[in-house]
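Given the structure is predicted, the values throughout are model-derived calculations rather than measurements. Atoms considered below: every heavy atom in the structure, side chains included; atoms not considered: hydrogens, waters and symmetry mates.
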Number of protein chains: 2
Amino acid sequence: MPDETDGGAPGRRPARRPGGRTARVRARILTAAAELVARDGVSGFRYEEVAERAGVHKTSVYRNWPDRERLVADALLRYAEDLASVADTGDVHRDLVDFLVAMAGGLETPFGRALEQAVQPAGGNPAVRQAVAGILDRRVAALQRRIDAAADRGELPPVDGSFLGEMLSGPVHLIVNRGTRPFTRADADRIVGVVLAGVRATAAPA
Amino acid sequence: MPDETDGGAPGRRPARRPGGRTARVRARILTAAAELVARDGVSGFRYEEVAERAGVHKTSVYRNWPDRERLVADALLRYAEDLASVADTGDVHRDLVDFLVAMAGGLETPFGRALEQAVQPAGGNPAVRQAVAGILDRRVAALQRRIDAAADRGELPPVDGSFLGEMLSGPVHLIVNRGTRPFTRADADRIVGVVLAGVRATAAPA
DNA sequence: CATTAAAAGCAACAGGAAGTTGCTTTTAGT
DNA sequence: ACTAAAAGCAACTTCCTGTTGCTTTTAATG
């Protein structure tokens, strides 16, 4: 995650110094920020508390991240790597159900909620939103690959993978975001069942 | 101290006065708050600006709504009446597509985004969340009635209306919330097509 | 229409976080 | 070992939140 590597022209010698202490300080800040964002949401975490928790002075936080939104985004991105992946056991239905259950689990996490909040179009730097949206989309991409594989094998008719991804994950997001009831494996099973049946029926109308 | 029930029963005569000016002031505050919430999101609107926009003194806002979250909720609820309804032309598919398009239109509104934000489990008074969730759910209820009507006529197999509602509106929320591309009637048509086909296929297998 | 108390207006607070600045100290890179 | 980049530090200013005591308006009541 090199963000501010030199301006560009190599001419200047003045020696930037991303090593050693600086790197340590930045890492601690990001960790602290991520924890606080997960705890308090995107709005609601405080610079001073970040500094305190990171064991770093307030000004160091401000000077490294003059933009609050960027700090949030960098913190989220740093911890966004552990995303659910999609297995390929040969049984599409089962693989998709597993994926949805894993995805729901991730979304229910405080951290997942923070990510979710960060992509909301209301409020927030557009650049940040796009960055976070990108990492969420990587999941969909994995899903799409799995679907394409199934289509190649004839398990499914050829379909638009991103559309199918939306059909599958939309209800999951809805249920988890509302938070009024837990998302269960039975939910995932019903969703996948209806969507796959629907895709098969509409693609091959007999 | 005969019948000085200050606390509970409506017996107390000391003349509360919800009429006239008070009502006007409260209405102006709610209007202003709703506009600002729509513009700046749930977090990000300021009491002082509410007061200014309402042409009312700051303390009047604070004294009427000591709780920030309650103010937001009341403002949202006041303007949440104009919700999309579901027609019944006899053609389920068409009715549902119309509904989804209308719903997407509502969600794309700054106001819709604010509502959406208010139900997020992260951050925010649980009571408020539940209130807002309630009004969003009224839409689903209308949807459910339409579906039940179709089932009665044999257009659809008997299904769990709330499940169907989630299947249909989930993808809409997802697409609109991401905000990366516009939601079109073609989207709605595809969604309804797949879901209805899926429901028919899974309920009447073979 | 006069009375009266509820509620609005007003001004002056305290408190806390955001953000800035000038200076000193540490330390990475040569 | 030297030097400048970056961290620490302290002392600000600014803005918003939330509160309080007092004055003025005005809705409700008779």
Within residues 161-173 of chain B or reaching into it, pairs that qualify as salt bridge (charged side-chain N to carboxylate O under 4.0 Å, His left out) - sequence neighbours excluded: A/Arg181-B/Glu166
Nearest-Å distance, [atom1] ([X]) to [atom2] ([N])?
X: B/Leu71; N: D/dG18; atom1: CG; atom2: P; answer: 11 Å
X: B/Asp67; N: D/dT19; atom1: CG; atom2: P; answer: 11 Å
X: B/Trp65; N: D/dG18; atom1: CH2; atom2: P; answer: 15 Å
X: B/Tyr62; N: C/dC10; atom1: OH; atom2: C1'; answer: 16 Å
X: B/Arg24; N: D/dT25; atom1: CZ; atom2: P; answer: 15 Å

For the helix from C/dC1-D/dG30 to C/dA28-D/dT3, what is the angle between the axes at its two ends, each from 5 pairs, rounded to 10°?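 Roughly 40°, once rounded to the nearest ten degrees.
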Sequence neighbours left out, what pairs pass ring-ring contact (aromatic ring centres under 6.0 Å, His included) with at least one residue falling in residues 92-122 of chain A? none
Sequence neighbours left out, what pairs pass ring-ring contact (aromatic ring centres under 6.0 Å, His included) with at least one residue falling in residues 42-76 of chain B? B/Tyr47-B/Tyr62
Positive for side-chain contact (heavy atoms from CB on, under 4.5 Å) with B/Leu196, one of B/Val159, B/Ile191, B/Leu96: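 The option that passes is B/Leu96.
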Can you give me the N/O atom pairs linking the protein to nucleotides 21-24 of chain D at distances under 3.5 Å, or say none if there are none?
unit_1 : atom_1 : unit_2  : atom_2 : d
D/dG21 : O6     : B/Arg63 : NH2    : 3.3

Run the salt bridge (charged side-chain N to carboxylate O under 4.0 Å, His left out) test against [X] and tell me which residues pass, sequence neighbours left out.
X: B/Arg28; value: none
X: B/Arg190; value: A/Asp160
X: B/Glu49; value: B/Arg39, B/Arg46

Residue-level proximity of residues 42-58 of chain A to DNA chain C when a heavy atom falls under 4.0 Å: A/Arg46, A/Tyr47, A/Glu48, A/Lys58
For B/Arg113, what residues pass the side-chain hydrogen bond (donor to acceptor under 3.5 Å, both in side chains) criterion, not counting sequence neighbours? none
5' priority, DNA chain C, between B/Ser60 and A/Arg68 [closest heavy atom]: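 Here B/Ser60 is the residue nearer the 5' end.
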Side chain to side chain contact (heavy atoms under 4.5 Å, CB included) partners of B/Val101, counting only residues at least two apart: B/Val97, B/Arg185, B/Ala188
For A/Ala104, all residues meeting side chain to side chain contact (heavy atoms under 4.5 Å, CB included), sequence neighbours excluded: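 Per chain and number, A/Ala104 pairs via side chain to side chain contact (heavy atoms under 4.5 Å, CB included) with A/Val172, A/Val176, A/Phe183.
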Stepwise salt bridge (charged side-chain N to carboxylate O under 4.0 Å, His left out) test for A/Asp74 and A/Arg70: CA-CA 6 Å; A/Asp74 288 348; A/Arg70 272 240 65 86; 3.1 Å; yes
